[in-house]
There are 2 protein chains.
Amino acid sequence: MSNNMFNEFLSSESVKLTVKQQRIVQAAIRLFAEKGYSNTSTAEIAKLAEVSEASIFKQYGTKDKLLLALIIPQFKEFFPSMADEVLGQLCRSQSTFEGFLREFLKNRIELALKNKEIFQIIIKELIYKEELKKELIPYIFEVAASRLTQVIELFKERGELTDIPTGKMLKSLFTFVGGFFASQLVLLNKESIDEQEIEDAVRFMLHGIGSSSSNN
Amino acid sequence: MSNNMFNEFLSSESVKLTVKQQRIVQAAIRLFAEKGYSNTSTAEIAKLAEVSEASIFKQYGTKDKLLLALIIPQFKEFFPSMADEVLGQLCRSQSTFEGFLREFLKNRIELALKNKEIFQIIIKELIYKEELKKELIPYIFEVAASRLTQVIELFKERGELTDIPTGKMLKSLFTFVGGFFASQLVLLNKESIDEQEIEDAVRFMLHGIGSSSSNN
DNA sequence: TTATTGAGTAAGTAATTACTTACTTTTTAT
DNA sequence: ATAAAAAGTAAGTAATTACTTACTCAATAA
């Protein structure tokens with residue numbers, strides 16, 4: 001996997017796929033999510049898609065590039081659009097950070113559940129493959145952190161958030177939200193996440209488990 | 001991997017290993033942690049350990065059993081002893097839940113860093129292999145949750161914790177602590193975790209990021 | 001019409017996979 | 001000292017791996 005693979009895919013246009021190419025994509029997503037990239041052979045993908053193995057390599061060249069072709073589009077959608085939709089609307093309005101956080105989580109969970117298999121692949125391979133880690137983690141921080149920083153600082157000024165440094169807040173939130181997605185989607189393999197679960201998560205992120213009187 | 005594999009290993013006594021067997025164990029740990037179980041061949045392990053491949057299979061029978069033989073002992077140490085050491089001392093003493101949480105985290109982090117490679121393997125394979133998930137996750141909850149429940153309820157009575165249900169607290173704590181270990185040990189591959197990082201984590205778990213005045 | 005291009009594939013390829021067999025060497029027990 | 005058991009290995013095995021080659025067929029462009 002070359003160093004500029006990620007950028008190459010990031011800038012690629014979406015092309016119309018033939019029926020057989022769509023079957024390849026769907027088979028690969030299914031199998032990668034279920035058994036993991038390393039435990040899925042191209043022969044298996046071809047069999048499930050009912051195409052010849054060579055068709056896969058005609059299109060994608062290598063198994064690695066097939067993986068990236070599945071992951072990158074989701075990635076492009078999940079993180080950059082993360083802010084822009086929810087963020088703009090809620091930020092300048094009358095709403096609270098708590099409201100923002102709730103809508104933000106709901107919104108991202110909905111998107112992740114809609115493409116659950118791809119998110120399972122992303123989380124699994126992000127942990128498993130060193131090269132992916134090195135390309136995607138800086139990207140996530142750059143894209144996500146820069147926008148969330150603005151939101152956090154806005155609500156800090158409104159006095160709704162503590163005055164601990166924004167960077168530390170982001171780190172804690174990433175840790176919890178990352179843990180939330182990993183445990184719900186991958187470990188527990190949930191089909192849906194109900195309102196109460198989201199409510200509990202929001203409450204924890206805002207207030208923790210300590211009683212309010214014990215704040216120091 | 002059979003269903004009672006886990007119990008079989010759990011009840012096994014620790015046996016003295018020969019020099020070559022130790023080399024096998026160390027080579028396997030190194031490679032599994034670095035490249036993942038699926039991307040490591042038994043031939044590679046044998047080469048790094050400077051033994052014949054057959055020696056591995058003489059001892060462990062299958063590659064799967066080798067993996068379990070590495071993982072299970074750590075597992076036995078990490079989760080059950082989790083409570084007993086830190087828990088008993090701190091619980092009945094004068095200390096606060098905050099103090100308990102801090103010492104608890106420090107203690108577990110120290111143990112995890114000391115066996116960093118094995119914890120990387122555990123986290124990676126827990127996410128990757130369905131069979132492991134099904135055996136280990138219930139075990140974790142049973143062992144860890146039962147003891148932590150006691151601690152939480154003790155400090156609840158002392159008024160140091162909110163009155164949200166203990167189960168929900170545990171879930172949130174697991175999510176955050178799990179995310180913390182996964183991101184620090186696997187994603188960021190840290191060699192050490194400094195006091196301030198722990199302090200920030202404790203603060204987040206207790207108070208979140210909301211200002212204390214905005215508690216509802 | 002015919003030349004070109006892109007989609008698709010059957011049948012390979014060499015390398016690698018987890019694991020075995022049949023054997024030798026070393027350690028331990030008596 | 002010697003028999004038995006355990007530790008270790010060289011040289012396999014069949015199956016699977018990612019990937020290639022040389023081809024056919026259908027659609028489009030000239």
Side-chain angles (χ1 to χ4, degrees), chain A residues 1-2 5 12-32 34-71 121 124-125 128-132, chain B residues 1-2 5 12-32 34-71 121 124-125 128-132:
Chain A
M1 202 136 47
S2 76
M5 189 74 58
S12 70
E13 298 296 316
S14 59
V15 193
K16 292 168 198 166
L17 296 178
T18 67
V19 173
K20 295 202 174 187
Q21 284 162 0
Q22 288 178 335
R23 288 216 307 263
I24 291 174
V25 167
Q26 288 174 345
I29 290 177
R30 165 95 60 89
L31 291 173
F32 285 166
E34 188 181 311
K35 327 194 310 162
Y37 173 82
S38 299
N39 300 319
T40 302
S41 69
T42 49
E44 279 179 287
I45 297 169
K47 194 182 170 189
L48 181 60
E50 292 177 295
V51 300
S52 79
E53 223 182 318
S55 294
I56 297 174
F57 288 96
K58 192 116 210 171
Q59 257 258 297
Y60 299 100
T62 67
K63 197 188 163 191
D64 258 334
K65 288 183 185 171
L66 168 60
L67 174 67
L68 286 179
L70 303 179
I71 283 181
I121 299 173
K124 285 179 181 178
E125 298 311 317
Y128 221 77
K129 302 194 88 189
E130 207 59 33
E131 323 105 24
L132 260 191
Chain B
M1 201 136 48
S2 76
M5 189 75 60
S12 70
E13 297 297 315
S14 60
V15 193
K16 292 168 196 166
L17 297 178
T18 67
V19 173
K20 296 203 174 187
Q21 284 162 0
Q22 288 178 334
R23 289 216 305 263
I24 291 173
V25 167
Q26 288 174 345
I29 289 176
R30 165 95 59 90
L31 291 172
F32 285 166
E34 188 181 311
K35 327 193 310 161
Y37 173 82
S38 299
N39 300 318
T40 302
S41 69
T42 49
E44 280 179 287
I45 297 169
K47 194 181 170 190
L48 182 60
E50 292 176 294
V51 300
S52 79
E53 220 182 321
S55 294
I56 297 173
F57 288 96
K58 191 112 209 176
Q59 256 260 295
Y60 299 100
T62 68
K63 197 187 164 193
D64 257 334
K65 288 184 186 170
L66 168 59
L67 174 66
L68 286 179
L70 304 179
I71 284 180
I121 299 174
K124 284 179 182 177
E125 298 312 318
Y128 222 76
K129 301 194 89 188
E130 207 59 34
E131 323 105 25
L132 260 191

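Below, read A as the first sequence line, B as the second, and so on, with proteins coming before strands; counting in each chain starts at 1.
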Using atom [atom1] of [X] as one end and atom [atom2] of [N] as the other, report the distance to the nearest whole Å.
{"X": "A/Tyr60", "N": "D/dA18", "atom1": "OH", "atom2": "C1'", "answer": "17 Å"}
{"X": "A/Phe57", "N": "D/dA22", "atom1": "CZ", "atom2": "C1'", "answer": "17 Å"}
{"X": "A/Lys47", "N": "D/dT17", "atom1": "NZ", "atom2": "P", "answer": "11 Å"}
{"X": "A/Ile56", "N": "C/dA10", "atom1": "CD1", "atom2": "P", "answer": "13 Å"}
{"X": "A/Glu53", "N": "D/dT20", "atom1": "CD", "atom2": "P", "answer": "12 Å"}
{"X": "B/Ile24", "N": "D/dA7", "atom1": "CD1", "atom2": "P", "answer": "11 Å"}
{"X": "B/Asp64", "N": "C/dT17", "atom1": "CG", "atom2": "C1'", "answer": "14 Å"}
{"X": "B/Gln21", "N": "D/dA7", "atom1": "CD", "atom2": "C1'", "answer": "7 Å"}

DNA chain D: 5'-proximal contact among A/Gly61 and B/Val51 (nearest heavy atom):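 Between the two, 5'-proximity favours B/Val51.
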Side-chain N,O (A/Lys63) to OP1/OP2 (D/dT17) below 4.0 Å: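 For D/dT17, OP1/OP2 do not have a side-chain N/O of A/Lys63 under 4.0 Å.
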Under-4.0 Å side-chain N/O to phosphate OP1/OP2 contact, B/Ser52 with D/dG8: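 Checking D/dG8 against B/Ser52, no side-chain N or O comes under 4.0 Å of OP1 or OP2.
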Assign [X] to base, sugar-phosphate, or nothing according to its heavy-atom contacts below 4.0 angstrom with the strands shown.
{"X": "B/Gln59", "value": "nothing"}
{"X": "A/Ser38", "value": "nothing"}
{"X": "A/Thr42", "value": "base"}

Flag, side chain of A/Arg23 to backbone of A/Val51, donor-acceptor distance under 3.5 Å: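 The answer is no, because no donor-acceptor pair under 3.5 Å joins these two groups.
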The side chain of [X] lies closest to which of these nucleotides: [options]?
{"X": "B/Ala54", "options": "D/dT9, C/dC19, C/dG8", "value": "D/dT9"}
{"X": "B/Lys58", "options": "D/dA7, C/dG8, C/dA18", "value": "D/dA7"}
{"X": "A/Thr18", "options": "C/dT9, D/dA18, C/dG8", "value": "C/dG8"}
{"X": "B/Ser55", "options": "D/dT17, D/dT9, C/dA18", "value": "D/dT9"}

Greater than 12 external heavy atoms within 6.0 Å of A/Arg30's CZ: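 No, CZ of A/Arg30 has 12 or fewer neighbouring heavy atoms, counting only those of other groups under 6.0 Å.
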Any side-chain donor near an acceptor of the partner, B/Gln21 and B/Tyr60, under 3.5 Å: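 Per modelled atom types, B/Gln21 and B/Tyr60 side chains form no pair under 3.5 Å.
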Short side-chain donor-acceptor distance under 3.5 Å, B/Asn39 and A/Tyr128: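 Absent: no donor and acceptor within the cut-off.
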B/Glu44/B/Lys35 salt bridge by N-O under 4.0 Å criterion: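 Looking at B/Glu44 together with B/Lys35, the answer is yes, because their closest N to O distance falls below 4.0 Å.
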